[in-house]
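Structure first, then comments.
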Amino acid sequence: MSTTTQAVRADGGSPMLTGRRKRTSSGFGLRGMTWLVWRQHRMAFLLLLGVAAATTAGLAWLAQEASSAVAAVKVPNPSPAATTALNEAYQLLDSAGLALVGLPVIIGLFIGAPLFAGDLETGTAKFVGVQSRSRWTWVATKLGMAALFAAAAALSTGFAMKAMLTPLVNHMAVNANFTDAGAFDTTGPTAVAWAVLGVLTGAAAGLLARRTLPAMVVTLGVLLAVKVGWELVRLMFAPTVVKTTSGGRVGEDDAPEFPANALEIDTSFVTGDGTLLGWSTCANATDRVACLRGEGAVGWYREYLPFSHMEAMQWAASGALAGLILLTAGVLVYGARRALR
């Protein structure tokens, strides 16, 4: 659609049409369907980025405080105040992780669920088919933009969370379990995978429910259920390290050591045929070493996960999450076919 003005020609001929065509794009270059999706959802997208930016800034400040707290206790004879500050840093890490774990759920509820449900509920989705672009272009553009903003938010907060996590884990991993959801699912590629899964889950629920509020309820239930199941399988992706002793060395002083920035997965005793005996074996015996040897133990068995293996673990876990993403995408396509036919 254009706006024109008429000008009379000097020779008395037909009027000439002059003027400028109306702009059909935003000030930063978006055009067509991308511009329409931006216009419709820009408030939600900008709010997400604003919250992510504020969270990132807060985590960056906490990361600096954590590094200072670790440095303060590494000096000879650290003060009680330094020890207190370090303990507070570990507590803040737990709190920050607990808060960030909910980011994919928030994205699913307030970005994914209304993405299509709002249009279906108000009836505006029926006009998509009469536009110059196909319905699938509309679906893909909406999903692509929502996933892009969600991934950007997860990347931003994930980098800052990793900066806070690293000095605390390197100092004492037992106080900063990097396999917990608050650390593992909020940093690196898993943070991005969870954010995209949140968008797709909400969008699929919106296409199936066709109303925003029911879609939000379904999204909440599905994501919480997936998170509960994820807690049971996360450690399956851990590339652990095993150290053993042999020759009947089962005394306390014979136990293999592991780095301070590693997490202990299992401590047992191993027999000659490779059978593992639990750590509590012969725990109440007067002569524990003799008792263990009588049970057939020939050495210690210690399995641990170094912090340096966290990234590999996250990429392996992201592969599993990618499978969930593809499954959710299949449900979304099915819902789109039903809702937009």
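Just so we're clear, the structure is a prediction, and the values are computed from it rather than from any experiment. Hydrogens, waters and symmetry mates are skipped; everything else that's a heavy atom, side chains included, is used.
- In this structure, NE2 on His171 lies 11.5 Å from CG on Asn261, to the nearest 0.5 angstrom.
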Check your understanding: Under the side-chain hydrogen bond (donor to acceptor under 3.5 Å, both in side chains) criterion, do His41 and Lys142 qualify, and how do the steps go?
Key -> CA-CA 9 Å; His41 298 286; Lys142 280 203 165 202; 3.0 Å; yes
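- At distances below 3.5 Å, at least one donor-acceptor pair connects side-chain atoms of Arg249 with backbone N or O atoms of Ser246.
- With a 6.0 Å cutoff to the six-membered ring centre and a 45° limit on the axis angle, Arg234 does not count as a cation-pi contact of Trp194.
- With hydrogens and angles ignored, the 3.5 Å screen pairs a side-chain donor or acceptor of Thr55 with a backbone N or O of Val51.
- Taking all atoms of both residues into account, the shortest heavy-atom contact from Phe178 to Val169 is CD2-CG1, 3.7 Å.
- When all heavy atoms are compared, the tightest approach of Gly108 to Leu223 is CA-CD1, 4.4 Å.
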**Study point:** Phe307 and Thr166: CA distance, side-chain angles, deciding distance, side chain to side chain contact (heavy atoms under 4.5 Å, CB included) verdict
**Key:** CA-CA 9 Å; Phe307 183 49; Thr166 299; 4.0 Å; yes
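- When the side chains of ILVMFWY residues are joined at heavy-atom separations under 4.5 Å, either directly or via intervening members, Val298 and Leu292 end up in two distinct hydrophobic clusters.
- Cluster annotation: Val226 is connected to Leu103 through the hydrophobic network of ILVMFWY side chains, with a link wherever side-chain heavy atoms come within less than 4.5 Å.
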Review point. Does the side chain to side chain contact (heavy atoms under 4.5 Å, CB included) test come out yes or no for Ile111 and Phe45, once each step is laid out?
Key: CA-CA 8 Å; Ile111 300 294; Phe45 292 158; 4.1 Å; yes
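- Put simply, the side chain of Thr275 never gets that close to the backbone of Thr271: no donor and acceptor are under 3.5 Å apart.
- Following chains of ILVMFWY side-chain contacts shorter than 4.5 Å, one can reach Phe149 starting from Leu332, so the two form part of one hydrophobic cluster.
- Of all heavy-atom pairs spanning Ala181 and Glu231, the tightest one is CB-OE2, 3.3 Å.
- Checking side-chain atoms of Tyr90 against main-chain N and O of Ala176 turns up no donor-acceptor pair under 3.5 Å.
- Under a hydrophobic clustering in which Ile, Leu, Val, Met, Phe, Trp and Tyr are joined whenever their side-chain heavy atoms come within less than 4.5 Å, directly or via other members, Leu197 and Val217 fall into different clusters.
- Between Thr187 and Met310 the shortest side-chain heavy-atom distance falls below 4.5 Å.
- With respect to the salt-bridge test (charged N to carboxylate O, under 4.0 angstrom), the residues Arg288 and Glu252 qualify.
- With 3.5 Å as the limit, one finds no donor-acceptor pair spanning the side chains of Trp279 and Asp266.
- The distance from atom CH2 of Trp138 to atom CG of Leu143, rounded to the nearest 0.5 Å, is 9.5 Å.
- Using a 4.5 Å cut-off between side-chain heavy atoms of Ile, Leu, Val, Met, Phe, Trp and Tyr, with links allowed through other members, Met313 and Met236 fall into the same hydrophobic cluster.
- Between Lys227 and Val101, some side-chain heavy-atom pair lies under the 4.5 Å cut-off.
- In this structure, the side chains of Leu48 and Ile107 come closer than 4.5 Å at one or more pairs of heavy atoms.
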Review point. Hey, mind stepping through Glu295 and Thr281 against side-chain hydrogen bond (donor to acceptor under 3.5 Å, both in side chains) and telling me if it holds?
Key: CA-CA 9 Å; Glu295 293 289 335; Thr281 303; over 6 Å; no
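- A distance of 9.5 Å separates CG in Asp180 from CG in Asp185, rounded to the nearest 0.5 Å.
- Here the CG atom belonging to Asn175 is positioned 8.0 Å from the CG atom belonging to Leu86, to the nearest 0.5 angstrom.
- Between Leu208 and Val331 there is a side-chain heavy-atom pair separated by less than 4.5 Å.
- Val174 is linked by a side chain to side chain contact (heavy atoms under 4.5 Å, CB included) to Met172, counting only residues two or more places apart in sequence or in another chain.
- A heavy-atom distance below 4.5 Å is found between the side chains of Met216 and Phe110.
- Across all their heavy atoms, Ala66 and Met164 have their closest contact at CB-O, 4.2 Å.
- The shortest side-chain heavy-atom distance between Val228 and Leu224 does not fall under the 4.5 Å cut-off.
- For the pair His309/Val241, a side-chain contact is recorded, criterion being any heavy-atom separation below 4.5 Å from C-beta on.
- The closest side-chain heavy-atom distance from Tyr304 to Leu263 is not below 4.5 Å.
- In this view, Phe184 satisfies the ring-ring contact (aromatic ring centres under 6.0 Å, His included) rule with no residue, not counting sequence neighbours.
- Scanning both residues, Ala63 and Ala160, for their nearest heavy atoms gives CB-O, 4.4 Å.
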Point to revise | side-chain hydrogen bond (donor to acceptor under 3.5 Å, both in side chains) assessment of Thr56 paired with Thr157 | key: CA-CA 5 Å; Thr56 300; Thr157 56; 5.5 Å; no
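- Of the inter-residue distances, the one linking Thr201 atom OG1 with Leu220 atom CG reads 11.5 Å to the nearest 0.5 angstrom.
- Contact detail for Val73 and Ala82: the closest heavy-atom pair is CG1-O, 3.6 Å.
- Judged by distance alone, the side chain of Ser280 and the main-chain N or O of Ala283 form no donor-acceptor pair under 3.5 Å.
- In this structure, CG in Leu327 is found 12.0 Å from CG in Leu321, a value given to the nearest 0.5 Å.
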Exercise for review: Walk me through it: do Gln40 and Asp119 pass the test side-chain hydrogen bond (donor to acceptor under 3.5 Å, both in side chains)?
Suggested key: CA-CA 10 Å; Gln40 182 181 9; Asp119 293 317; 2.6 Å; yes
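- Annotation for Phe237: atom CZ counts as buried by contact number, over 12 foreign heavy atoms lying within 6.0 Å.
- With hydrogens and angles ignored, the 3.5 Å screen pairs no side-chain donor or acceptor of Arg211 with any backbone N or O of Glu121.
- Surrounding CG of Asp273 are more than 12 heavy atoms belonging to other residues, nucleotides or ligands, all under 6.0 Å away.
- In this structure, Phe269 has its ring center under 6.0 Å from that of Trp300.
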